[in-house]
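The first residue of the sequence shown is numbered 1, and numbering continues consecutively from there.
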Amino acid sequence: SIVATGKAKVETSGGIIAANNIQVKNGVYLAQVATNNVRVRELSEQIPKSFSGRLTGKFNVAGSLDSFAPESVIVSGKANLNTAAGRISVPDIEFARGVYRAKVGVNNIDVRQLSPQIPKSFPGKLTGNFDIAGSTKSLENLTVSGNGFVNAAGGKISASDIAVYNGRYQASVDANNLLVSQLSPKIPKSFPGRLTGKFKIAGKLNSFEDLTASGSALINTDSGKITASDILVNNGKYQAKVAANQIRLRQFVPQLPEILAGSLTGKLNIAGSTKSFKDLTASGNAAINAAGGKITASNIRFNNNNGRY
């Protein structure tokens, strides 16, 4: 059998992997490994191509000479991952037989780097602490728990009780002072207002179209306030009970006739599709201050899809 001791160094694209105190005996190897500025995309095909980061860390590594596959390696240690947008600290890593566990601290990371499913239009930076576990075979086996917040859309999104498992996620989310027009490319840029609310959300990691959400929210606009309760989002459809106070109608429906181009106060039930505001429907009662007077309307029916009311 082979018996050996020594050290080695491997240079990668802009980084170095150094192995010290290498010991080989009875078909088993041990080593202390230090990585410096190693591009993480070179370490595993499971890491998304959109993820740009470089790894610096120290690890104890052991395994069998019969196979250098990830499933045959045992690793423990700590590391830092520096990206163009922020830093990921991993103070406690354990990896054995293709399964990993780690405590992760994230600071100011662009969320669009974490998954190709996150819309490119979503400008958010993530900070938080998480416990993660999974398999090198597939990201579908990833499990995550923890708390974090995203600075986005001119405000802050805080998430607690985060849980990711079996390719699905759920969380309790607080939104504070978010620019509504920046939350989705489907929302018209002319849509005024900032959103504050509380929500329970869940969905699949590989598709944001499967998002489900419930909760309540408040939108402050230049002209008034919109309160939404009993919000439900499911299978690309939404519904809510909405109370509007002194809202300028043409900010939301530019094609309204001049006589209705005033401010609205009322209560409406709304529904539609998350894919397009053209599918908006609304019903309820309201009063409109317009044309120097007041218009009171009951049994309102509005369908933005066919432009009828």
Side-chain angles (χ1 to χ4, degrees), residues 119 121-123 151-158 173-201 211-309:
S121 61
F122 188 81
N151 290 315
K156 188 175 183 180
I157 303 171
S158 300
V173 176
D174 288 355
N176 185 29
N177 208 37
L178 305 179
L179 282 167
V180 179
S181 60
Q182 290 189 16
L183 297 180
S184 169
K186 302 296 184 182
I187 298 174
K189 295 300 182 184
S190 60
F191 189 95
R194 289 182 173 268
L195 171 72
T196 296
K198 294 180 179 291
F199 310 91
K200 299 284 188 182
I201 66 169
L211 171 71
T212 62
S214 61
S216 59
L218 169 68
I219 297 176
N220 286 309
T221 75
D222 293 338
S223 60
K225 182 184 294 187
I226 301 172
T227 303
S229 60
D230 296 335
I231 299 170
L232 291 174
V233 179
N234 192 23
N235 293 325
K237 301 288 186 180
Y238 65 87
Q239 65 182 53
K241 295 179 179 178
V242 176
N245 183 25
Q246 296 297 313
I247 297 298
R248 293 194 195 102
L249 287 174
R250 277 195 167 172
Q251 288 183 317
F252 302 94
V253 189
Q255 67 268 34
L256 280 177
E258 184 65 31
I259 192 173
L260 296 178
S263 60
L264 171 73
T265 297
K267 294 183 178 181
L268 303 168
N269 293 319
I270 67 168
S273 169
T274 57
K275 296 180 179 180
S276 174
F277 269 77
K278 292 181 179 179
D279 295 321
L280 173 67
T281 62
S283 62
N285 303 294
I288 301 172
N289 293 316
K294 187 173 186 178
I295 302 171
T296 302
S298 59
N299 297 320
I300 297 169
R301 297 287 186 271
F302 174 78
N303 190 327
N304 199 34
N305 192 39
N306 58 26
R308 301 186 65 84
Y309 59 88

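- Every residue two or more places apart in sequence or in another chain was checked for a salt bridge (Lys or Arg N to Asp or Glu O under 4.0 Å) with Lys200, and none qualifies.
- When the shell of 6.0 Å around CG of Asn235 is examined, it contains 12 or fewer heavy atoms from other residues, nucleotides or ligands.
- With sequence neighbours left out, the side-chain contact (heavy atoms from CB on, under 4.5 Å) criterion links Ser216 to no other residue.
- In this structure, Thr296 contributes its side chain and Ala287 its backbone to no donor-acceptor pair below 3.5 Å.
- To the nearest 0.5 Å, atoms OG (Ser263) and CZ (Arg248) are separated by 8.5 Å.
- Rounding to the nearest 0.5 Å places CG of Asn151 at 6.5 Å from NZ of Lys156.
- The two residues Leu264 and Ala286 make their nearest non-hydrogen contact at CD1-CB, 3.1 Å.
- Among pairs with a residue in residues 222-231, those fulfilling salt bridge (charged side-chain N to carboxylate O under 4.0 Å, His left out) read Asp230-Lys241, at least two apart in sequence or across chains.
- Looking at residues two or more places apart in sequence or on another chain, you find a side-chain contact (heavy atoms from CB on, under 4.5 Å) between Asn245 and Thr265.
- The two residues Gly284 and Arg301 make their nearest non-hydrogen contact at N-NH1, 4.3 Å.
- Asn289 CG to Lys294 NZ: the interatomic distance, rounded to the nearest 0.5 Å, is 6.0 Å.
- Residues Leu178 and Ala152 approach most closely at CD2-O, 3.3 Å, considering heavy atoms.
- In this view, Leu211 and Tyr169, Ile201 satisfy the side-chain contact (heavy atoms from CB on, under 4.5 Å) rule, not counting sequence neighbours.
- Note: Ser214 OG to Gln239 CD = 11.0 Å, rounded to the nearest 0.5 Å.
- Atom CG in Leu268 sits 7.5 Å away from atom OG in Ser283 (nearest 0.5 Å).
- For Asn285, the side-chain contact (heavy atoms from CB on, under 4.5 Å) test picks out Ser298, with sequence neighbours left out.
- Heavy-atom minimum distance, Phe199 versus Ala217: CZ-CB, 3.7 Å.
- Between Thr227 atom OG1 and Asn220 atom CG the span is 8.5 Å, to the nearest 0.5 Å.
- Considering every non-hydrogen atom in both Thr274 and Tyr238, the closest pair reads N-CD2, 4.0 Å.
- Listed here is the closest heavy atom pair of Ala282 and Ile270: CB-CG2, 3.9 Å.
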